Amino acid sequence: MTDQTLSASRLNIRNLPVWLWSFLGALLVWVLSFTIAGQGAEGMLVAALSFSVFTVMVGLGQMFVITLGPGNVDLSIPATIGLASAVAMKVMDGQNGLILWGLLAALVCGILIGGFNYLLIRLLRIPPIVATLSSSFIIQSVGISYGRGLQIKPPAALSDFTFSRFLGVPVLAIATIALSIVASVVLHRTIYGRTVLATGQNMRAARFAGLSVERTRLLTYVLSGALAALCGALLAGFSGGSSLSMGREYLLSSIAVVVLGGTSVAGGRANVPGLWGGALFLFMISTLLNTAGFGSGLRDVFTGVIIVAAIAITGTRQPLR
Amino acid sequence: MTAPTGTAIELSGVSRSFGAVRALSDVNLLIAEGQCLGLVGHNGAGKSTLMHVLAGTLRPDQGRIAVGGEQHDRISVHLAQKLGLRCVFQELSLCPNLTVAENTRILHPSIKGLGWRQKAGKLISAMLDRIFPGHDIASDTVVSDLSIGRRQMVEIARAFTVSEGVLRLVILDEPTSSLDATTARQLLEFVREEVRTGVSCILISHMLGEILDYSDQISVMKNGQLVAFGPVAQFTRERLVDLMSGGEHPDRAARERSIRSLADAPVAVRAQEGGQGLPFVARKGEVIGLAGLSGHGQTEFLVRVFEAARARRADVTVAGDVSFVAGDRQADGIFPLWSIANNVAVGSLPALRNGLLLSGSKERELSSRWGRIMGIKAPSLDDEILSLSGGNQQKALFARALSTSSAVVLMDDPMRGVDIGTKLEVYDIIAEQAAGGRTFLWYTTEFEELEYCDRVYVFQNGRIVGELQGQDITEAGVIGSSFKDKDAA
């Protein structure tokens with residue numbers, strides 16, 4: 001609802017809703033893929049949805065963090081995915097009956113990491129970018145000593161769930177779309193969400209308006225940790241086991257989908273649908289480059305260039321303060 | 001090369017406006033060689049603007065400046081350096097991450113080559129020794145490690161250092177504001193000594209005693225104009241206070257609002273100062289003015305009250321919720337990406353919920369009701385807040401604070417840059433709200449606004465030094481309390 005009100009007063013074509021561009025981009029690459037590169041149109045769409053689920057999940061957390069304002073970013077997401085997936089697999093121990101406990105353990109792990117990040121930022125006054133980066137080293141070290149030689153297969157029911165479909169659509173995608181809708185409501189229709197948006201625009205003003213800025217920052221880092229942990233546990237089910245480096249690609253992509261989706265890097269303006277556009281676009285382009293024979297290194301270069309371009313284009317639209 | 005007039009600097013017809021505000025209008029000022037000019041005036045009288053023009057940091061709209069007989073339309077920072085004009089600004093200008101010596105080098109491009117740190121260090125240490133004998137500042141100390149008073153000493157000493165060229169004029173803007181009595185006296189004695197060697201000096205101070213004791217000439221500014229100029233013998237303390245306030249002693253009886261007796265009302269805010277300051281008490285329904293020179297701790301006091309209402313503090317007790325009206329809109333008030341309605345409603349979010357979620361209709365209802373009360377002029381409250389004029393943005397901030405259920409409203413000089421029509425409307429609303437039992441703590445730099453207060457506390461250096469009530473709330477009364485010299489306090 002707020003997306004409409006934000007863009008209602010703008011008629012200029014440059015001022016189409018930002019998130020539309022990511023969907024248009026995804027659509028274009030998709031069409032290119034099956035017309036020129038000869039991919040199966042439907043198969044590619046389903047694959048894109050299945051993989052986007054994980055990017056969107058961590059992207060949601062990252063979006064809330066980035067919306068808190070300049071300097072706020074969670075770089076510990078990859079490490080959290082790695083550790084939480086290991087914890088989940090160990091607790092589940094391959095048994096279907098322990099799936100819920102495993103998910104719960106992973107969530108607790110993510111919540112603790114988020115709280116730890118906030119403590120570093122708040123008590124030690126470390127900039128978030130440094131705090132989350134250094135905590136990710138700590139998490140990684142814990143993960144290495146904890147999960148050394150961990151070779152536990154995920155419970156069959158968990159794997160089945162991550163691959164299951166409803167009317168041809170991955171169930172996990174449906175669930176994540178529902179999660180996105182909840183996130184959107186939280187963002188625009190709760191005091192917490194309003195506080196995130198207000199803090200991102202002007203932290204001093206948010207304090208003087210009587211909002212609980214610090215509690216909100218804590219909740220946001222905790223939310224990001226919890227979503228990363230959930231993503232880790234599900235990803236382990238999806239890919240047949242956990243590995244510490246499993247989350248590596250999500251460092252870049254969690255930030256990329258937020259930016260591509262039209263969330264302001266300067267904070268204060270967030271966009272949930274755009275996350276899906278960004279995630280689909282990233283997956284499509286990476287598949288296209290893959291079929292065109294580009295190596296993974298070059299694909300990363302390309303992703304980086306796209307992010308820089310997106311920030312450069314959207315950056316000029318920010319009102320000057 | 002110096003003109004034989006004995007005039008160091010002559011300003012003629014200098015004017016400067018900021019938007020609609022005329023900070024300087026047609027100022028003519030003559031600073032003689034080897035003299036100290038004392039410059040006094042209330043906040044916003046234009047003193048600092050005038051000094052910025054001389055230092056080259058502000059360009060005058062009109063007027064000419066003659067330095068040593070040479071005419072200049074405007075002075076650039078570079079030219080000011082070349083002409084030997086130095087300025088010690090009120091807001092200290094040393095780079096905190098550099099050492100004392102490195103900061104000195106910034107002013108002296110001629111110091112270069114190997115060992116420049118030592119050369120600059122020697123220069124500044126020698127000057128510090130001359131002005132403040134017995135100081136304990138090492139030239140290799142990083143400035144951020146120095147106390148505010150020592151920083152000011154370095155800043156002053158730096159202004160008097162000479163490496164090449166001449167030193168013609170040093171402007172000291174509130175130089176003693178963070179110095180203790182002994183160092184302040186050392187500085188003022190040094191100024192007298194330096195003046196005898198032919199250097200000119202402009203001394204800006206709110207300590208009228210300093211001005212009367214150490215100047216040769218005195219200028220008084222009010223509302224951007226020079227209202228008096230002459231040798232020091234023509235002035236007394238009382239005359240200066242009178243001149244600054246324009247001799248106005250408005251008739252308090254003419255005020256529409258009668259003086260209310262609220263001595264029995266319950267206490268809304270109580271603050272006890274740790275030091276020698278007076279205690280602060282605000283009762284339910286009172287409008288309390290926080291007066292004094294700007295930047296003397298009024299805003300900090302409001303912030304302290306604000307925090308005390310949210311988390312218990314030992315020194316401040318607040319009965320009920322508080323809300324805050326920011327004066328510095330851009331820094332403390334506005335959410336620039338939001339609509340007017342969102343900006344108004346953000347203060348009352350808990351009351352706008354239906355269950356867990358915020359209700360759009362309640363939000364619209366609240367913001368349109370208060371938009372109407374405050375008379376916000378906008379086609380629609382869904383328009384962006386930045387589409388409003390400054391005055392209307394300020395009204396939106398008032399609407400945000402008043403639409404809450406808060407018992408106490410804190411106002412941080414909220415009428416900055418607001419036109420007179422809006423002001424009068426808001427004054428009425430404040431009076432109405434106070435009659436309804438709300439307490440207002442109102443920091444203002446405008447005397448006229450104190451007329452709307454039941455009682456006034458005067459701040460100096462973060463402490464409350466005076467309390468005025470009823471008939472005593474006059475411009476002269478406030479200036480009298482805030483110009484108490486350090487020795488007297």
Side-chain angles (χ1 to χ4, degrees), chain A residues 1-10 15 17-18 66-70 181-216 262-271 314 317-321, chain B residues 299 302-303 306-307 309-311 321-339 341-360 362-364 379-387 396-397 400-401 403-406 410-412:
Chain A
M1 141 212 135
T2 311
D3 300 321
Q4 268 82 20
T5 45
L6 276 176
S7 53
S9 55
R10 301 166 184 163
N15 290 331
V18 196
I66 287 180
T67 304
L68 280 177
I181 294 172
V182 171
S184 186
V185 170
V186 165
L187 184 66
H188 296 295
R189 297 284 303 278
T190 64
I191 294 183
Y192 164 76
R194 284 289 173 93
T195 309
V196 170
L197 292 169
T199 305
Q201 293 176 64
N202 189 338
M203 191 147 124
R204 264 179 78 82
R207 272 207 195 100
F208 283 133
L211 302 171
S212 312
V213 172
E214 291 308 330
R215 195 200 319 162
T216 299
T263 292
S264 163
V265 243
R269 179 180 287 160
N271 193 294
T314 54
R317 306 156 63 101
Q318 298 295 325
L320 288 171
R321 272 184 242 163
Chain B
T299 302
L302 290 178
V303 172
F306 182 78
E307 284 168 357
R310 316 192 78 216
D321 289 335
V322 299
S323 54
F324 190 92
V325 185
D328 189 344
R329 284 188 293 279
Q330 307 310 329
D332 300 342
I334 293 293
F335 297 110
L337 302 176
W338 276 354
S339 68
N342 287 154
N343 264 286
V344 170
V346 69
S348 314
L349 293 180
L352 299 177
R353 280 178 302 188
N354 254 345
L356 270 179
L357 298 183
L358 295 169
S359 147
K362 279 188 183 174
E363 184 173 2
R364 259 191 306 283
S380 157
L381 291 180
D382 290 330
D383 288 354
E384 289 176 38
I385 185 86
L386 292 182
S387 68
L397 293 187
R400 181 195 294 170
S403 64
T404 64
S405 55
S406 67
L410 309 172
M411 304 195 288
D412 179 24

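Each chain gets a letter, A, B and so on, in the order its sequence line appears, and its residues count up from 1. What you see is a predicted model; the values in this text were computed from it and never measured. The analysis underlying the following values was restricted to heavy atoms, covering all of them including side chains, and did not include hydrogens, waters or symmetry mates.
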### Heavy-atom proximity to chain A below 4.5 Å, by part of E363(B)
side chain
### Query
Quick one: of V322(B), L352(B), N343(B), L357(B), who has the most non-hydrogen atom pairs under 4.5 Å with chain A?
L357(B)
### Query
What part of S212(A) lies closer than 4.5 angstrom to a heavy atom of chain B: side chain, backbone, both or neither?
both
### Message
Taking side chain as everything from C-beta outward and backbone as N, CA, C, O, which of these in S359(B) sits under 4.5 Å from a heavy atom of chain A? Side chain, backbone, both or neither.
### Response
backbone
### Task
Report the option among A401(B), G347(B), G333(B) that has the most heavy-atom pairs separated by less than 4.5 Å from atoms of chain A.
G333(B)
#### Entry: Residue pair D412(B) / T299(B), side-chain donor-acceptor N/O under 3.5 Å
yes
### Query
Which atoms of F335(B) come close to chain A, meaning under 4.5 Å heavy atom to heavy atom: side chain ones, backbone ones, both, or neither?
both
#### Entry: Distance-only side-chain donor-acceptor flag, N202(A) / Q330(B), under 3.5 Å
no
### Query
I334(B) versus chain A, heavy atoms under 4.5 Å apart: side chain, backbone, both or neither?
backbone
### Task
Working to the nearest 0.5 Å, report the span between CZ of R353(B) and OG of S348(B).
12.0 Å
#### Entry: Interatomic spacing from OG1 in T195(A) to CG in L211(A) - rounded to 0.5 Å
4.5 Å
### Task
Would you please classify the geometry between the F324(B) ring and the F306(B) ring as parallel, tilted or perpendicular, with 30° and 60° separating the classes?
perpendicular
### Query
Contact part of L349(B) toward chain A, heavy-atom cut-off under 4.5 Å: side chain, backbone, both or neither?
both
### Query
If you round to the nearest 0.5 Å, how far is CD of E307(B) from CG of L302(B)?
11.5 Å
